[in-house]
Every structure is written in structure tokens, then in C-alpha cells.
Amino acid sequence: MPQPSSVPLPPQPPSAARKPGQGAVPQTIRDLIFTLLIPIAVLSPDLLGSGFSVADQLGGGTQGNIRAYLAAALIPVVYVAWDLLKNRNVSPVALLGGVGALVGGALAFWYVDGFWYAVKDSARSYLLGLAFLISAGTRMPLFRIFMDTASLSETPEKRSLMQRALGDPAIHRAIANATVVFALVDIVSGLVNSFVNYQRVTATFGSDAFNAQVAEVNALMRLPSMGISLLGVGIAFWLLHRATVARFGPGASLFDPGTLAGRVEGTAAPVTGKAT
């Protein structure tokens with residue numbers, strides 16, 4: 001079962017840009033049910049002490065356990081795809097989460113245990129971190145997608161102000177730094193997850209014990225993974241806020257584009273080359 005994603009970057013489906021009337025709490029509960037509780041139940045060889053096992057229903061033995069493992073890995077992928085289609089959410093953050101879920105689903109077919117399973121379970125964190133690190137040296141650091149997405153609900157005037165501010169060289173450097181921070185924190189989260197998996201998932205792939213250990217680690221790591229990711233996002237946003245105040249003065253905020261009125265007209269031209 002793939003590691004819970006740190007991003008927006010899933011297999012937690014992106015919950016941004018919900019339609020009116022969709023409550024945040026019900027959506028969060030639904031996310032947890034389909035990306036954590038159901039997969040854990042599918043992997044359990046003795047569900048709630050009842051003696052019921054999905055693996056037994058899928059043929060039992062090694063093949064039944066493998067089928068249960070694949071089902072537990074693919075249920076979150078199907079849920080993410082359904083969530084994207086249902087809400088018609090094509091924002092960059094949503095698409096990034098969708099790609100992460102697909103990668104996790106594809107990796108489920110790599111049948112390994114021990115060290116390589118520990119690596120596989122964190123592969124999305126490593127790949128995402130690497131992509132963010134590489135993008136930090138380009139004209140479009142990937143952390144900017146969070147800022148662009150945040151501005152989608154703004155008026156055209158406020159969105160224009162924000163886009164001009166984001167194009168300022170000083171703010172661009174801050175976005176690049178935020179991208180590096182986010183990447184490093186995601187990689188650290190992956191390393192922690194790999195370490196825990198290596199220590200606790202010791203059984204042979206395809207066995208009852210393997211599925212039970214995978215379920216245990218996924219339940220154990222959900223909150224720490226989310227906490228580490230939120231720390232990275234928090235530091236990144238703090239770097240952006242500090243740079244915005246330093247560049248445009250007290251009270252300026254990228255998260256409230258109205259505060260940028262009268263402050264960005266004199267900024268330099270947008271960045272067109274690589275970050276330095």
C-alpha cells in the first residue's frame with residue numbers, strides 16, 4: 001500500500017476548489033475512509049478480530065494476499081480519479097495529486113519486500129522532492145503552483161496584482177527558496193517513512209504477515225507524514241511572506257492581493273531566465 005501522500009501531493013485527493021455546499025469536514029472524512037481506513041481493512045488478515053479476511057475472499061494463500069494488496073493500493077487511486085472527474089478539478093495542485101496517485105498505483109505492481117519495499121513506499125516523496133529541487137533553478141519553481149491556485153478565486157484585478165508581484169525578482173527568489181524547502185522536507189518525510197517501513201515490514205511479500213505489517217505502518221505514519229508536510233508548507237509560506245513584506249512594505253501579503261495595490265506598479269520586469 002503506497003505511502004500517504006504529502007502534497008496536496010496525495011494518494012490523498014486534492015480538496016481545494018470544492019463546489020459550494022461541500023463541507024470541508026465531510027470531505028476530509030471521506031478522504032480518510034477511502035485512502036486509509038478501507039485500504040487498511042482490505043489488508044487486515046483478521047478484520048477487527050472477526051476472522052474475516054478480504055484475502056481469503058480473493059482466493060486465499062499467496063495469490064489472495066497479493067490481490068488484497070493490489071486492491072488496497074488501487075482503491076485510493078480510483079478514488080482520486082473519481083474525485084477529480086466529479087469535481088472537474090483541473091487545477092495544477094489537483095493534477096499534481098492525481099499524478100502522484102497514479103505513480104503510487106503503478107508502483108503497487110512492483111512486488112518487493114524488505115529494503116526495496118521501504119524504498120518503493122516512499123518513491124513518490126523522493127520523485128516529487130527531486131522534481132521540486134530541479135524546478136527551483138528554473139523560471140517556474142513548482143511551489144508557485146500553490147500561489148497560482150490560491151489566486152484563482154480572486155477578481156481579475158487582484159489576480160493581476162498578484163501575478164505581477166510573483167514576477168518580481170525578489171519574490172521569484174523567495175519562491176525558489178520555498179520550493180527547495182518543500183522539496184527537502186518531502187524527501188525527509190520519505191526517508192522517515194522508509195526507515196519505519198524497513199524496521200517494521202519484515203515479512204515476505206504475499207504473506208498474511210506482510211499485509212498486516214503494511215496496514216500497521218500506514219496507520220502509524222499517516223499523522224507524522226501529514227505533520228512533516230505541513231511543517232514544510234508552513235516554512236515555505238513564511239519565507240514568501242517575509243520576502244513580500246521586505247519587498248513591498250509592512251502589510252503587504254501575497255495571500256491578500258488587495259494589500260499589493262499601489263505597491264507593485266514600480267516593480268522590475270518579471271523573471272524570464274533561470275533563478276540565481
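Numbers here simply count residues along the sequence, with the first being 1. No hydrogens, no waters, no symmetry mates; every other heavy atom, side chains included, goes into these values. Small disclaimer: the values here were computed from a predicted structure and weren't measured.
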Can you tell me if Lys120 uses its side chain to pair, donor with acceptor, with the backbone of Trp110 under 3.5 Å? yes

Could you check whether the rings of Phe182 and Phe143 sit parallel, tilted or perpendicular, using 30° and 60° as the cut-offs? tilted

Taking the side chain as C-beta and beyond, is there a heavy-atom pair between Asn65 and Phe205 under 4.5 Å? no

Distance (rounded to the nearest 0.5 Å) between Arg67 CZ and Asn211 CG: 13.0 Å

Mind checking the CG-CG spacing from Leu47 to Asp56? Nearest 0.5 Å is all I need. 11.5 Å

Cut-off 3.5 Å, side chains only: do Asp113 and Thr204 have a donor facing an acceptor? no

Which distance, rounded to the nearest 0.5 Å, do you find between the CE of Met147 and the CD of Gln163? 9.5 Å

Could you walk me through whether Leu184 and Phe132 pass the side-chain contact (heavy atoms from CB on, under 4.5 Å) test, one step at a time? CA-CA 9 Å; Leu184 293 177; Phe132 269 66; over 6 Å; no

Mark yes when over 12 heavy atoms from residues, nucleotides or ligands other than Trp116 sit less than 6.0 Å from its CH2; otherwise mark no. no

Answer yes or no: is there a donor N or O on one side and an acceptor on the other, between the side chain of Asn193 and the main chain of Ser189, under 3.5 Å? no

Note, Leu254 side chain near Ile171 side chain (heavy atom, < 4.5 Å): yes

Is a donor from one side chain sitting under 3.5 angstrom from an acceptor on the other, for Tyr126 and Asp186? no

Just verifying a value: how many Å separate Arg144 CZ and Leu240 CG, rounded to the nearest 0.5 Å? 11.0 Å

Ser44 side-chain N/O to Ile40 backbone N/O, donor-acceptor pair under 3.5 Å: no

Donor-acceptor pair, Thr259 side chain versus Ser253 backbone, under 3.5 Å? yes

Do any N or O atoms from the side chain of Ser225 and from the backbone of Arg222 form a donor-acceptor pair under 3.5 angstrom? no

With distance as the sole test, does Arg263 use its side chain to make a donor-acceptor pair with the main-chain N or O of Phe248 at under 3.5 Å? yes

Has Ser207 got a side-chain atom pairing as donor or acceptor with Phe210's backbone, closer than 3.5 angstrom? yes

Quick one: does Asn218's side chain have a donor or acceptor within less than 3.5 Å of a partner on Val214's backbone? yes

Indicate yes or no for a side-chain donor-acceptor contact from Ser135 to the backbone of Pro141 under 3.5 Å, with no hydrogens or angles considered. no

For atom CZ of Phe195, is the number of surrounding heavy atoms from other residues, nucleotides or ligands below 6.0 Å larger than 12? no

Taking atom CZ of Phe237 and atom CZ of Arg242, what is their separation to the nearest 0.5 Å? 16.0 Å

Quick check for you: to the nearest 0.5 Å, what is the distance between Leu166 atom CG and Ile175 atom CD1? 4.5 Å

